[in-house]
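Have a look at the structure below, then the notes.
Whatever order the structure lists ligands and atoms in, that order sets their numbers, starting from 1. Just so you know, these numbers come straight off a predicted model, no measurement behind them.
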Amino acid sequence: MQTVKRLDMLRNAVAALRQGGETLALVPTMGALHEGHLTLVREAARQADRVAVSIFVNPTQFGPGEDLDAYPRQLEADAALLEAEGVDLLWAPPVEAMYPDGFATSITVEGVSAGFCGADRPGHFDGVATVVCKLFHQVRPDVALFGEKDWQQLAVIRRMARDLDLTRPHVDSIVGVPTVREADGLAMSSRNRYLSPEQREAAGTLPRAMKEAIARIEDGQDVGRTLAALEDELLGAGFERVDYADLADAASLAKLNTLGQTPARLLVAARIGGTRLIDNMPVE
Ligand code: PAF
């Protein structure tokens, strides 16, 4: 695996990987890799001849008072994991390479960015869309893979790729990979490591309570009352705040009061011990 930190070296490395006409997959990450990321890498290897992973803790997607400084950085350990997975290229730019002096451009994806995490974290999805667009232009992959755990992020990136007519990757080659979960169902996240043992145990209530709520909604019970009961259960289990717990159209993320003909998703963000956990699951 080649690790590159400069854009000119990245271009040469990508050209070398593609010289026999090979296809290239990109897995964008912020590092602190766990099994969820490695699942993306393995899927990437099934979808393309070569695999590139980026590790960049993107400052523009963190708001004031968020965990940018505390966000775990462990490039050597991450590189060893990627090497063991047979990754071809690690792109790990410094902040100055991504945001040169005077950087003044930002991408806003209206609509799909607005609610849920977009409402709780103003500017977050502008930062995500901008950095992902840059990564796409830098690496020019045939396919890019993202975890479904960040469902809204995936919707924002797909909308951006469609609206900006991106060709590498084309919107149809932006692949969502199902969430990887711990034994108790908690979605894997780099932020789970912030939890104390007690908070970690209580956090297991989140996927359990979501599954119960989905069973009730699919059974025809009232959506509003079911979501209120879900919030109560999380607060009773030790979460100090529920930012949102909503049923939404899976593609547009428009909130729903009843199940309709199009695929729906239950989306939740809740805080425990100051750590914000998000999850989402399909509702059929
Ligand atoms: O999901 C993430 O890790 C980040 O939001 C991403 C897509 C790498 C952009 O910084």
Side-chain angles (χ1 to χ4, degrees), residues 10 25-41 43-44 51-63 66-75 77-79 81-82 87 89-99 103 105-109 112-113 116-118 120-139 141 143-161 164 166 168-169 171 173-180 187-194 267 269 275-280:
L10 175 73
L26 172 66
V27 179
T29 81
M30 297 205 302
L33 303 180
H34 51 65
E35 198 53 32
H37 297 109
L38 300 183
T39 303
L40 295 179
V41 166
E43 183 55 32
V51 177
V53 174
S54 63
I55 294 185
F56 179 65
V57 182
N58 174 34
T60 64
Q61 69 188 75
F62 290 79
E66 290 190 353
D67 58 343
L68 173 61
D69 292 337
Y71 201 86
R73 289 158 172 88
Q74 45 175 63
L75 189 60
D78 287 344
L81 288 172
L82 297 175
V87 166
L89 176 63
L90 170 56
W91 169 222
V95 175
E96 320 78 76
M98 292 300 269
Y99 296 110
F103 188 88
T105 303
S106 178
I107 296 176
T108 297
V109 183
V112 76
S113 287
F116 305 104
C117 290
D120 295 333
R121 305 180 67 191
H124 169 69
F125 286 118
D126 294 359
V128 170
T130 304
V131 81
V132 169
C133 192
K134 282 174 67 78
L135 290 166
F136 285 174
H137 282 302
Q138 291 165 343
V139 179
V143 53
L145 297 94
F146 297 86
E148 285 187 351
K149 175 175 164 283
D150 296 295
W151 188 265
Q152 189 176 13
Q153 168 171 282
L154 190 53
V156 168
I157 291 166
R158 285 194 169 125
R159 184 74 257 167
M160 172 187 71
L164 298 184
L166 299 189
R168 280 220 170 138
V171 60
S173 304
I174 293 174
V175 176
V177 177
T179 303
V180 180
M188 285 196 186
S189 163
S190 305
R191 291 190 169 103
N192 291 351
R193 66 183 72 188
Y194 298 156
L267 298 126
T275 300
R276 188 171 184 278
L277 301 179
I278 59 171
D279 203 347
N280 69 87

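Distances below 4.0 Å separate heavy atoms of Thr29 from the following atoms of ligand 1: 8 (C). Each of the following atoms of ligand 1 lies closer than 4.0 Å to a heavy atom of Val131: 9 (C), 10 (O).
Smallest separation of non-hydrogen atoms from Leu135 and Pro28: CD1-CB, 4.0 Å.
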Original post:
Which is it for Met160 and Val156 under the side chain to side chain contact (heavy atoms under 4.5 Å, CB included) test, yes or no, and what are the steps along the way?
Top reply: CA-CA 6 Å; Met160 172 187 71; Val156 168; 5.5 Å; no
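Atom 9 (C) of ligand 1 has as its closest protein heavy atom Gln61 OE1, 3.3 Å. Protein heavy atom closest to atom 5 (O) of ligand 1, with residue, atom name and distance, is Gln153 OE1, 2.7 Å.
When side chains are defined from C-beta on, Ser190 counts as touching His37, because their heavy atoms get closer than 4.5 Å.
One finds the CZ atom of Phe56 at 5.5 Å from the OH atom of Tyr99 (value rounded to the nearest 0.5 Å).
Contact annotation for Ile157 and ligand 1: no heavy atom of the residue comes within less than 4.0 Å of the ligand.
Judged by distance alone, the side chains of Asn58 and Tyr71 never bring a donor and an acceptor atom under 3.5 Å apart.
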